[in-house]
Amino acid sequence: MKKIEAIIKPFKLDDVKEALHGVGMQGMTVLEAKGFGRQRGHTELYRGAEYVVDFLPKLKIEIIIPDSSVEDAIEVISKAAHTGKIGDGKIFISDIGEAVRIRTGERGDQAL
């Protein structure tokens, strides 16, 4: 099993969700996040004063999937979250040792 964490722009959430459902993936966790990468934030003008916004709003999507679905998930997330502009986000993949469904006690891929 793998855990995929995708950091995306907030307005791309529906596109990513629909793309994942389109390839049969179910369930995800979405967290509000703030951060910056190479873009290092931006400056804004508020009531005549200029200030720097270091941390930009992002969303973090987490999904746990079988090893066989990793490439499909990466592809659909990449396509759905892509705008071509700086700050599109990143995808991180890590191994999951075990999963347990609390309600039934199922383990491994059956718990997904």
Side-chain angles (χ1 to χ4, degrees):
M1 290 177 291
K2 302 284 187 202
K3 177 180 184 178
I4 295 184
E5 297 174 277
I7 310 297
I8 63 169
K9 292 181 175 185
F11 67 89
K12 294 303 260 174
L13 177 61
D14 287 336
D15 294 340
V16 171
K17 182 180 80 167
E18 292 302 319
L20 286 169
H21 284 296
V23 293
M25 295 188 195
Q26 301 176 3
M28 70 172 59
T29 301
V30 179
L31 302 143
E32 291 185 15
K34 290 182 184 248
F36 66 89
R38 291 184 181 161
Q39 66 196 102
R40 303 238 188 250
H42 63 276
T43 58
E44 287 188 4
L45 198 59
Y46 180 73
R47 294 190 178 184
E50 190 175 281
Y51 64 99
V52 176
V53 178
D54 289 333
F55 295 99
L56 301 173
K58 301 287 183 179
L59 290 179
K60 179 179 177 183
I61 297 171
E62 296 180 350
I63 59 173
I64 310 297
I65 57 174
D67 291 338
S68 60
S69 301
V70 171
E71 290 305 319
D72 289 340
I74 292 169
E75 184 177 334
V76 298
I77 292 169
S78 295
K79 285 182 181 176
H82 182 265
T83 67
K85 301 213 171 19
I86 193 164
D88 272 353
K90 297 228 176 6
I91 299 173
F92 303 100
I93 299 100
S94 53
D95 291 320
I96 297 296
E98 185 66 79
V100 178
R101 185 184 309 267
I102 294 172
R103 179 177 55 87
T104 63
E106 293 171 298
R107 292 179 170 260
D109 287 350
Q110 290 76 34
L112 302 179

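The model shown is predicted, which means the values in this text are computed figures rather than measured ones.
Considering all non-hydrogen atoms of both residues, Ile86 and Lys9 come closest at O-NZ, 3.4 Å. Smallest separation of non-hydrogen atoms from Ala99 and Leu112: CB-CD2, 4.3 Å.
No donor-acceptor pair under 3.5 Å is formed between the side chain of Asp88 and the backbone N or O of His82.
Grouped with Leu13 in one hydrophobic cluster are Ile4, Ile8, Val16, Leu20, Val23, Met25, Met28, Val30, Leu59, Ile61, Ile63, Ile65, Val70, Ile74, Val76, Ile77, Ile91, Ile93, the linkage being side-chain heavy-atom contacts under 4.5 Å among Ile, Leu, Val, Met, Phe, Trp and Tyr residues. Counting Ile, Leu, Val, Met, Phe, Trp and Tyr side chains that sit under 4.5 Å apart, directly or through other members, Phe92 shares a hydrophobic cluster with Ile7.
Separating the NZ atom in Lys3 from the CD atom in Glu62 is a distance of 4.0 Å, to the nearest 0.5 Å. The distance from atom CD of Gln26 to atom NE2 of His21, rounded to the nearest 0.5 Å, is 8.0 Å. The distance from the CE atom of Met1 to the CD1 atom of Ile64 is 8.0 Å, given to the nearest 0.5 Å.
Every side chain to side chain contact (heavy atoms under 4.5 Å, CB included) that Arg101 has, sequence neighbours left out, goes to Arg103, Thr104, Glu106, Ala111.
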